[in-house]
Each structure stands twice: as structure tokens, then as C-alpha cells.
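Here is the structure we will look at.
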Amino acid sequence: MRTDKIRKRVLAVSMAAVLGGAAVPAPGGTDGLPGEMAIRAQAADVKGEGSGQKVTLRVCNWEEYIDLGDWDEEETIDLESGDIIGVNSMVEDFEAWYLEHYGVEVEVEYSTFGTNEDLYNMLTLGDTYDLVCPSEYMIMKLMAEDQLVPLSEGFFDTSEEKNYYINGVSPFIQNIFDSKEINGETWAKYAAGYMWGVTGIVYNPDVVSAEDASSWRILNDSRFYRQVTIKDNVRDSYFAAVGAVKSDLLTDAAFLADPDYAQRLEDEMNDVSPETIAEVESYLQDVKNNAYSFETDSGKVDMITGRVVANYQWSGDAVYTMDQADEDDYTLAFAVPEESTNIYFDGWVMLKNGIGGDAAKQQAAEAFINFLSRPDNVIRNMYYIGYTSVISGAEDGRIFEYADWCYGAEEEEEDVVEYPVGAFFTGDNSDEDYVITTPADQAYRQLYAQYPDEETLNRSSIMVYFDQEVNDSINEMWIHVRCFNIFDIPVWAWILAAAVAAGLTVLFVRQKKRKNLY
């Protein structure tokens with residue numbers, strides 16, 4: 001088991017400037033020609049091979065969400081199957097690979113965004129991109145608004161060895177993308193996954209019990225007054241609040257035993273009835289009064305420094321937080337609420353206003369996805385950013401080998417458990433080839449956060465797309481929560497204010513009478 005854990009994430013990275021890069025063209029292409037020949041023929045036809053022209057691919061991704069390279073020598077991932085190290089940025093390696101294999105130069109203009117809503121606002125204001133990486137509910141929104149270009153048939157050709165995505169995506173993940181629809185069309189038709197995870201609570205086990213951390217109700221628990229944090233965005237906070245206000249229902253034995261449990265859970269966790277919105281608002285008002293802060297990124301530091309004892313967190317950031325705390329010999333743990341967890345995805349989609357009908361751009365965009373899905377590149381990105389890729393590697397065992405390299409126990413360790421990860425890697429949790437012998441505490445720490453157990457996956461739910469009317473309703477609720485609320489003022493304060501106002505009124509009247517006497 002490696003001792004340095006996940007690489008420290010790059011802090012204060014600004015990637016908004018254009019980076020030179022390249023892309024691997026997606027296989028498939030011109031009718032009647034095999035993969036690579038088809039790409040060469042199409043590229044030559046569209047841009048004129050040998051003309052010196054470039055395909056410019058505009059990519060917009062989350063901040064700090066791709067390997068920037070420049071690793072130190074000691075950071076080499078020394079797997080039995082071979083060493084992996086990031087020398088150049090992923091974008092630079094992408095460019096060189098594309099040019100070497102296909103003779104076509106692609107320049108990647110790489111920029112970043114901070115939230116899904118930021119990205120959508122950027123698009124609304126006229127920014128143009130070919131390939132972007134939003135989360136699942138924003139992918140659904142873009143699909144509903146007919147803003148996306150479908151992936152080509154060639155992208156799904158499993159006979160093409162360079163189609164690393166379709167040949168390596170986790171069957172568990174692919175099943176979700178195949179089964180979830182917007183307007184009768186599946187996610188898989190338009191989106192290719194990048195990273196995934198679940199939401200939960202990072203907590204200090206010396207102060208907070210695993211039982212307390214295993215419920216969304218911890219966020220307004222007065223025992224942890226000013227010692228918890230919650231996400232400062234409406235969708236994540238709404239999800240957690242629904243879990244809290246519906247806790248009794250969601251943990252009821254009859255509900256859990258329902259043959260249609262998965263769909264019922266999704267329906268309940270995405271309930272936007274007026275009654276539920278009102279309950280959520282009331283709950284979040286209580287959370288606001290109890291929490292240390294609403295935050296987007298500062299919660300990690302607050303946990304590491306001990307400023308708070310429980311932090312609502314995405315599992316990828318939870319891994320980072322626990323890793324950093326370990327460096328200071330400060331142990332943190334991760335729990336997934338028993339009511340439900342949000343299983344989230346960030347995925348690549350192509351935009352109509354960027355790609356248009358440009359075949360060369362689409363080839364480059366699909367190639368970019370495939371290059372990032374190559375197992376060695378998957379490992380580089382996972383190591384660099386700390387999140388879990390949707391790629392399991394299929395017959396290429398390096399990604400499982402990397403998971404074992406990260407979390408497998410040393411031979412002399414005695415307090416170990418067998419931790420199955422087959423649910424993700426093969427779709428079969430009983431697969432004996434996908435079991436990690438790990439230190440016992442990893443069953444509720446980094447390994448658990450990165451590869452949740454089957455029971456946790458079974459109680460996960462997506463955030464569905466809300467139409468504009470519903471968005472307006474929950475955004476109005478969020479404004480009430482995040483802005484000053486006069487109804488939070490206690491009665492004694494109103495009485496005091498009224499007394500002061502009455503006193504000032506009396507004083508004003510007396511002064512006016514005195515002036516009239518003179």
C-alpha cells in the first residue's frame with residue numbers, strides 16, 4: 001500500500017488561459033473504411049491533410065479536474081504492470097499522441113468553470129465550446145433544451161481498440177447511462193461519463209459517532225452547534241434536506257422492502273411538491289442557524305484544521321480531506337447517510353453551437369474522451385485529482401491494480417478485511433478476482449469513499465432534471481434560506497424593537513411640542 005496517498009491537489013490553479021493541446025480522433029468515421037483509415041480520410045477531406053491547418057477544439061472542464069503533469073520522480077505509480085507518471089499535462093500528451101497516430105494537428109483551447117450554474121450562465125451569455133463536462137442534472141437540462149450533439153455510432157464500436165471509453169466503462173455506470181432518459185432518449189446517446197461518486201459526511205470520529213454521521217439530520221443537530229458545514233448550492237442542499245425531512249419514511253422497513261424501491265427512492269429524493277419545498281425550507285433555516293457555514297470548497301480545510309467536526313462532502317473531496325488529515329496524523333472518517341445518497345456524475349457532452357456540423361471537430365471531441373479513458377490516463381487523472389473514474393478497465397486490469405496499490409494492506413498487517421469492489425468493476429460483487437485485502441479502517445474511510453460498497457450503491461439516487469417552473473420554486477426557497485429572514489427574529493427582539501420605537505416616538509412628540517411653545 002502506498003504511503004503518500006492521493007497526490008496533493010494543485011491549489012489556486014488557473015486554467016482559464018488557453019493551453020496548447022491535442023486530441024485523439026475517435027475511431028469509426030467514413031463508411032467502408034476501418035477505424036484509423038477512416039479518420040485519416042475524413043480529416044484529409046475536411047481540413048486537407050498536409051495543408052498545415054489545425055482543428056481547434058474548445059474544451060471547458062471543472063477547475064483542477066485533469067492531470068497537469070509535472071510530477072516529482074517520487075510520485076511515480078509503480079504498478080507491477082509498469083510505472084505511470086505524469087510528466088506533461090494530459091492535454092499536451094493528447095496533442096502529441098493525436099499527431100503521431102493520425103497526422104492531424106488539433107489545438108485544444110482549454111478553459112474551466114466553477115459550478116454547473118456558472119457553466120450554464122457562460123453558455124447563455126454566448127461563450128462557445130465544443131466539449132464540456134457538466135454534472136448529471138445539467139446534462140439532462142442541456143438534453144431537454146436540445147443543445148447537444150449525439151455521440152457517433154463509431155464511438156460505440158467495441159471492435160475498435162482505440163475506443164477506450166466504451167471498451168472500459170464500468171458496467172454499473174453504463175447501465176445507469178443506458179437506463180436514464182430525457183424526452184425518450186438515453187443519457188448514453190449524448191454523454192460519456194468522466195468521474196463519479198456519492199455524497200456523505202466527513203467526520204471526526206473522536207467527536208462524532210458513525211451513527212450520528214450516518215444521517216442527514218446531523219446538519220441541524222444542536223449537539224454540533226457551529227461545528228458542521230453544508231454545501232452552498234441549492235441542488236446539493238435540497239437533496240440533503242429531503243433526506244432529513246423524509247428520514248422516517250426512507251428508513252422504514254416496508255419502504256426498503258418495496259419491490260420498486262429504487263424508483264420510489266428516486267421519486268422521494270426528487271420530490272418538489274409545495275409541501276416538501278416548504279418542509280425543506282424550514283429544515284434549511286434550522287441548518288443555517290446551526291451550521292458553521294455554507295461552503296463550496298472551504299469545508300475541506302475546516303475539517304483538516306479541526307474548525308468543524310462534520311462536513312457535507314462529495315466523496316472525491318472526502319478522499320482528499322482524509323488524505324490531508326492523515327499527513328498530520330489526524331484521523332477523519334466518511335459516512336453515507338442511511339436515508340439515501342446522491343450518486344453523481346460528471347460527463348462529457350458536445351454542444352451544437354460549437355460542434356455544429358463540423359465532422360473534424362466531432363472526431364476530435366470524441367477522441368478527447370477516448371484518450372482520457374485509456375487506463376494509464378485514467379490512473380493519472382485519478383491520482384492527480386482524487387476522484388473516481390467511471391472507467392473500470394474491463395480486461396485491462398491496471399485500474400483495479402491501482403486501487404489495490406492505493407488501499408491494499410501490507411503483508412505484515414493483521415487487522416484487515418476483505419473488501420469486494422466487483423459491483424463497480426464487473427457488475428458482480430461476488431467476483432473473487434475483484435476483492436481488496438485492506439486495513440479494517442478503510443471500510444469506512446478512503447476506500448469506502450472511492451468505491452462505495454454494494455449496499456451503499458443500492459440506496460443511491462440521482463438528482464433529476466427540474467423544469468423551469470420547479471427551478472423557480474426551489475430557487476425562491478433558496479433565496480429565503482440564504483438571505484436574511486425576518487421570521488428568524490425571536491419574539492423578545494420584536495418586543496424590544498417596539499419599545500425602542502415607542503420611546504423614540506414619544507421623544508419626538510415632546511420635542512415638537514417644545515418647539516411650538518416658542
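Remark: Asp236 does not engage Lys231 in a salt bridge, criterion side-chain N to carboxylate O under 4.0 Å. Glu105 and Lys54 are joined by a salt bridge, as a carboxylate oxygen and a charged side-chain nitrogen come within less than 4.0 angstrom of each other. Of the charged side-chain nitrogens involved, at least one lies within less than 4.0 Å of a carboxylate oxygen, so that Asp326 and Arg445 count as a salt-bridged pair.
Taking CZ of Arg374 as the reference point, atom CZ of Arg380 lies at 8.5 Å (rounded to 0.5 Å). Rounding to the nearest 0.5 Å gives a distance of 7.0 Å between OG1 of Thr229 and CD of Gln313. Remark: Gln324 CD to Tyr330 OH distance equals 14.0 Å, nearest 0.5 Å. Taking OG1 from Thr341 and CG from Asn458, the interatomic distance works out to 12.5 Å, rounded to the nearest 0.5 Å. How far CD of Gln363 is from CG of Asp358: 10.5 Å, rounded to the nearest 0.5 Å. Rounded to the nearest 0.5 Å, atoms CD (Glu339) and CZ (Arg459) are 8.5 Å apart.
Ring pair Tyr451/Phe424 is tilted by interplanar angle, where 30° to 60° counts as tilted. Ring geometry, Trp97 versus Phe371: the interplanar angle falls from 30° to 60°, so the pair is classed tilted.
The minimum heavy-atom distance between Pro134 and Leu142, with the atom names listed, is CG-CD1, 4.2 Å. Closest approach of Ala213 to Ile218, counting heavy atoms only: CA-CD1, 4.0 Å. Of all heavy-atom pairs spanning Gly86 and Asp67, the tightest one is CA-OD2, 3.8 Å. Looking at every heavy atom in both residues, Ala449 comes nearest to Met322 through CB-CE, 4.1 Å. Across every non-hydrogen atom of Met382 and Tyr387, the tightest pair is CG-O, 3.4 Å. Across Ile385 and Met195, no two heavy atoms sit closer than the pair CD1-CE, 3.8 Å.
Checking Gln450 against Gln446 by side-chain atom types alone, no donor-acceptor pair falls below 3.5 Å. No hydrogens or angles considered: a donor-acceptor pair under 3.5 Å links the side chains of Thr456 and Asp453. At a cut-off of 3.5 Å, with distance as the only test, no side-chain donor of Ser215 or Glu338 sits close to an acceptor on the other residue. A donor-acceptor pair shorter than 3.5 Å can be found between the side chains of Asn116 and Ser135. Between Glu401 and Ser81, the side chains place a donor N or O and an acceptor N or O closer than 3.5 Å (distance only, hydrogens not considered). Checking Asp157 against Ser159 by side-chain atom types alone, a donor-acceptor pair falls below 3.5 Å. Using a 3.5 Å distance cut-off with no hydrogens or angles, the side chains of Ser209 and Asp212 do pair a donor with an acceptor. Tyr434 and Asp428 are not linked by any side-chain donor-acceptor pair at a separation below 3.5 angstrom, with hydrogens and angles left out of the test.
Legend: ring pair (Phe, Tyr, Trp, His ring centres under 6.0 Å) pairs involving residues 113-132, not counting sequence neighbours, sorted by first then second residue: Trp62-Phe113.
The shortest side-chain heavy-atom distance between Tyr203 and Val309 does not fall under the 4.5 Å cut-off. Residues Asn342 and Ser461 fail the side-chain proximity criterion, which asks for heavy atoms closer than 4.5 Å. A 4.5 Å side-chain heavy-atom check between Glu366 and Leu151 finds at least one atom pair inside the cut-off. A heavy-atom distance below 4.5 Å is not found between the side chains of Phe334 and Thr321. A heavy-atom distance below 4.5 Å is not found between the side chains of Tyr419 and Tyr407. Contact check for Pro420 versus Glu432: no side-chain heavy atoms found under the 4.5 Å cut-off. Counting heavy atoms from C-beta on, the side chains of Gln174 and Tyr165 come closer than 4.5 Å. Looking only at side-chain heavy atoms (C-beta outward), Tyr292 and Val228 stay at 4.5 Å or farther from each other.
At least one donor-acceptor pair under 3.5 Å links the side chain of Asn167 to the backbone N or O of Glu160. For Glu413 (side chain) and Asp415 (main-chain N/O), no donor-acceptor pair under 3.5 Å exists by modelled atom type. Although no hydrogens or angles enter the test, the distance criterion places a donor-acceptor pair under 3.5 Å between the side chain of Glu295 and the main chain of Asp297. Between the Thr186 side chain and the Ser179 main chain, no donor and acceptor come within less than 3.5 Å of each other. Looking only at distances, a side-chain donor or acceptor of Arg226 sits under 3.5 Å from a matching main-chain atom of Ala291. Between the Lys361 side chain and the Asp130 main chain, no donor and acceptor come within less than 3.5 Å of each other. Put simply, the side chain of Ser315 never gets that close to the backbone of Ala318: no donor and acceptor are under 3.5 Å apart. Between the side chain of Asp127 and the main chain of Leu123, no donor-acceptor pair closer than 3.5 Å is present. Distance alone, capped at 3.5 Å, is enough to place a donor-acceptor pair between the Asn163 side chain and the Phe155 backbone.
Within the 6.0 Å centre-distance limit, the rings of Phe345 and Phe177 are counted as a close aromatic pair.
Shown are Thr76, Leu79, Val378; of these, the side chain to side chain contact (heavy atoms under 4.5 Å, CB included) with Ile84 is made only by Leu79. Of the residues listed (Trp187, Tyr344, Tyr137, Phe239), the one engaging Ile462 in a side chain to side chain contact (heavy atoms under 4.5 Å, CB included) is Trp187, and it is the only one.
Around CD of Glu73, the count of heavy atoms belonging to other residues, nucleotides or ligands within 6.0 Å does not exceed 12.
Residues meeting the side chain to side chain donor-acceptor pair (under 3.5 Å) test with Asp441, sequence neighbours left out: none.
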